[in-house]
J.: 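Before we start, here is the structure in question, set down as structure tokens.
Values in this document were obtained by computation on a predicted structure and should not be read as measured data.
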Amino acid sequence: MEEKILSNRKNGMLVLILTTLLYLAAVAGCIFGGMMIGDGANPALLVISIIWLCLGWIPYCGLKVLKPQEALVLTLFGKYVGTLKGDGFYFINPFCTSVNPAADTHLNQSGDVDNKSAKSVLSLGFSVGKTEVDTTGNGKKISLKIMTLNNNRQKINDCLGNPVEIGIAVMWRVVDTAKAVFHVDNYKEYLSLQCDTALRNIVRIYPYDVAPNVDTTGDGIADEGSLRGSSEVVAGRIRDEIQRRVDEAGLEIVEARITYLAYAPEIAAVMLQRQQASAVIDARKMIVDGAVGMVEMALDRLSQNGVVELDEERKAAMVSNLLVVLCGNRDAQPIVNSGSLY
């Protein structure tokens, strides 16, 4: 179904004034018509005035007010007649009804505010039993603004099988009102479900942290992609995956961002120890590499300058002492030997 943009003129104020004036004229016609009947005059004026008082409220149902970035999808006796866009005061066919199946859907996103408690007599709403009825039609308007959807955090296994918790924020908007209303049952719930599905599909491709022999791009070559280190790339793939799924619903995904990323609580402590151990090993490797270089430099300098002649046994003892001093966690306690080694 293709979207039809109605080009109605913004003549709502004119219709409102004319209808109100006709109502006042009908009231005056009832008064004067009743007085004239007593004088034996024709009661046509009274009859016409009474009919207008009974039916004159119908044009009021065709008055619609739209704010910027709002739209109304209109149907006439079940047939889609078009979409009203653009801010202004409009008059449409009073028998047209606005359709928005997601009007009462409240997700964890911007624009979804439960205003049932704010309804009052001033909003022209009334209550029948436990059902709230809003005669203004404000709840049927479709927002064309960019909105943000924050889905609940999900626990997903990465490509290595480690459970991680991840949350995303998706910026989206409606670009085709006809598809959003008629192609899916509820476009907000549809978007939320597709976000969850796309997130699971993409997260399962990546490891939480850089891991060897893992291909995240599908080219058959291991790379260094990860959820923690390649968040921009992951978010871009999530956005593209969601967009592919919601095209049929007339929605545009503007941006997707990872808002929360952590190991699941059951393995968080173990993974923290693993990260700490990895950091300690890397630090030790750096210390050992530096110590070996310093020992080599010391032996070369002693040999070049002829300070002392060392045999293999003395070199081994010197290397051992220097490595203990340079690689130890604590400060070494020096021992001064004033005699010979033998």
J.: Given the rule that I, L, V, M, F, W and Y join up when any side-chain heavy atoms are under 4.5 Å apart, are Val210 and Ile281 in one cluster?
T.: no
J.: Kindly determine whether Ser231 and Tyr206 satisfy side-chain hydrogen bond (donor to acceptor under 3.5 Å, both in side chains), including the steps that lead there.
T.: CA-CA 10 Å; Ser231 58; Tyr206 289 86; over 6 Å; no
J.: Do Val203 and Leu227 touch side chain to side chain, with heavy atoms closer than 4.5 Å?
T.: yes
J.: For Asp289, I'd like to know if atom CG has over 12 heavy atoms of other residues, nucleotides or ligands within 6.0 Å.
T.: yes
J.: Going only through I, L, V, M, F, W and Y residues with side-chain contacts under 4.5 Å, is there a path from Ile31 to Leu53?
T.: yes
J.: Would the distance check show the side chain of Thr216 and the main-chain N or O of Ile205 forming a donor-acceptor pair, the cut-off being under 3.5 Å?
T.: no
J.: Taking the side chain as everything from C-beta on, heavy atoms only, tell me whether Lys10 gets closer than 4.5 Å to Phe89.
T.: no
J.: Check step by step if side-chain contact (heavy atoms from CB on, under 4.5 Å) holds for Leu199 and Gln154.
T.: CA-CA 9 Å; Leu199 181 62; Gln154 297 189 65; 3.3 Å; yes
J.: Ile48 and Leu21: same hydrophobic cluster, using ILVMFWY side-chain contacts below 4.5 Å?
T.: no
J.: Can you check whether Val233's main-chain N or O pairs, donor with acceptor, with Ser230's side chain at less than 3.5 Å?
T.: no
J.: Minimum heavy-atom separation for Val65 and Lys141, please, with both atom names.
T.: O-NZ, 2.5 Å
J.: With under 30° as parallel and over 60° as perpendicular, where do the rings of Tyr187 and Trp172 fit, or are they tilted in between?
T.: perpendicular
J.: State yes or no: do Ile146 and Val175 share one hydrophobic cluster built from I, L, V, M, F, W and Y residues joined by side-chain heavy-atom distances below 4.5 Å, directly or via other members?
T.: no
J.: Could you state the interatomic distance from OG1 (Thr20) to CG (Leu16), rounded to the nearest 0.5 Å?
T.: 4.5 Å
J.: If I take atom CD1 from residue Ile166 and atom CD1 from residue Ile258, how far apart are they, to the nearest 0.5 angstrom?
T.: 4.0 Å
J.: Is it the case that the side chain of Tyr80 and the backbone of Val73 share a donor-acceptor pair, with hydrogens and angles ignored and the cut-off at 3.5 Å?
T.: no
J.: Please evaluate residues Asp196 and Asn151 with respect to the criterion side-chain hydrogen bond (donor to acceptor under 3.5 Å, both in side chains), reporting the C-alpha separation (whole Å), side-chain torsions for both, the decisive distance (0.1 Å), and the verdict.
T.: CA-CA 8 Å; Asp196 291 343; Asn151 265 13; 2.6 Å; yes
J.: Do Asp158 and Ile156 come within less than 4.5 Å of each other through their side chains, counting heavy atoms only?
T.: no
J.: Do Val292 and Met286 land in one hydrophobic cluster if side-chain heavy atoms of ILVMFWY residues count as linked below 4.5 Å?
T.: no
J.: Quick check: do Thr75 and Cys96 have side-chain heavy atoms less than 4.5 Å from each other?
T.: no
J.: Give the C-alpha distance, both sets of side-chain angles, the deciding distance and a yes or no for side-chain contact (heavy atoms from CB on, under 4.5 Å) between Tyr90 and Leu66.
T.: CA-CA 8 Å; Tyr90 294 89; Leu66 289 182; 4.1 Å; yes
J.: Test Asn93 against Leu76 for side-chain contact (heavy atoms from CB on, under 4.5 Å), laying out the working first.
T.: CA-CA 9 Å; Asn93 189 331; Leu76 181 61; 4.0 Å; yes
J.: Sort out for me which residue in Gln194, Met171, Gln243 forms a side chain to side chain contact (heavy atoms under 4.5 Å, CB included) with Ile253.
T.: Gln243
J.: With rounding to the nearest 0.5 Å, note down the distance linking CZ in Phe91 to SG in Cys61.
T.: 9.5 Å
J.: Please answer whether the main-chain N or O of Lys67 pairs with a side-chain N or O of Glu70 as donor and acceptor at a distance below 3.5 Å.
T.: yes
J.: If you compare all heavy atoms of Gly225 against all heavy atoms of Asp223, which two are closest, and at what distance to 0.1 Å?
T.: N-OD1, 2.9 Å
J.: Please give me the minimum heavy-atom distance between Cys195 and Ile242, naming the atom from each residue.
T.: SG-CD1, 3.8 Å
J.: Is a side-chain donor or acceptor of Asp215 paired with a backbone partner of Gly220 at a separation under 3.5 angstrom?
T.: yes
J.: Heavy-atom distance under 4.5 Å between the side chains of Arg257 and Thr148, does that happen here?
T.: no
J.: Which atoms form the tightest heavy-atom contact between Ala235 and Ala256, and what is the distance?
T.: CB-O, 3.3 Å
J.: How far does CG of Asn186 sit from CD of Glu189, to the nearest 0.5 angstrom?
T.: 4.0 Å
J.: When rounded to the nearest 0.5 angstrom, what distance separates CG in Asp176 from CZ in Phe182?
T.: 11.0 Å
J.: Is any side-chain N of the basic residue among Glu266 and Lys155 closer than 4.0 Å to the acidic one's carboxylate O?
T.: yes
J.: Looking at Phe95, I want to see if its CZ is surrounded by more than 12 non-hydrogen atoms of other residues, nucleotides or ligands under 6.0 Å.
T.: no
J.: Check the pair Leu144 / Thr177 against side-chain contact (heavy atoms from CB on, under 4.5 Å), numbers first and verdict last.
T.: CA-CA 9 Å; Leu144 304 179; Thr177 57; 4.0 Å; yes
J.: Going by an N to O cut-off under 4.0 Å, is there a salt bridge joining Glu241 and Arg239?
T.: no
J.: Can you measure from CE (Met13) to CG (Leu63) and round to the nearest 0.5 angstrom?
T.: 9.0 Å
J.: Measure from the side-chain N and O atoms of Tyr23 to the backbone N and O of Trp57, and report whether any donor-acceptor pair falls under 3.5 Å.
T.: yes
J.: Taking NZ, NE, NH1 and NH2 as the nitrogens, is one of them in Asp209 or Arg228 under 4.0 Å from a carboxylate oxygen of the other?
T.: yes
J.: Just by modelled atom types, is the Ala249 backbone N or O under 3.5 Å from a matching donor or acceptor in the His183 side chain?
T.: no
J.: So, for Ala26 and Ser49, which heavy atoms are closest and what is the spacing to 0.1 Å?
T.: O-CB, 3.2 Å
J.: Checking the side chain of Ser192 only, and the main-chain atoms of Lys188 only, is there a donor and an acceptor separated by less than 3.5 Å?
T.: no
J.: Sub-3.5 Å donor-acceptor pair from the side chain of Asn11 to the main-chain atoms of Leu14, do we have one?
T.: no
J.: Do Leu251 and Val174 touch side chain to side chain, with heavy atoms closer than 4.5 Å?
T.: yes
J.: May I ask you to check whether over 12 heavy atoms, not counting those of Glu252, lie within 6.0 Å of atom CD?
T.: yes
J.: Any side-chain heavy atom of Leu74 within less than 4.5 Å of one from Leu6?
T.: yes
J.: Any non-hydrogen side-chain atom of Val47 less than 4.5 Å from a side-chain atom of Trp52?
T.: no
J.: Run the salt bridge (charged side-chain N to carboxylate O under 4.0 Å, His left out) check on Lys85 and Glu3 step by step: do they pass?
T.: CA-CA 11 Å; Lys85 288 185 177 181; Glu3 185 182 45; 3.2 Å; yes
J.: Please name the pair of heavy atoms, one in Ser98 and one in Leu72, separated by the smallest distance, quoted to 0.1 Å.
T.: CB-CD2, 3.5 Å
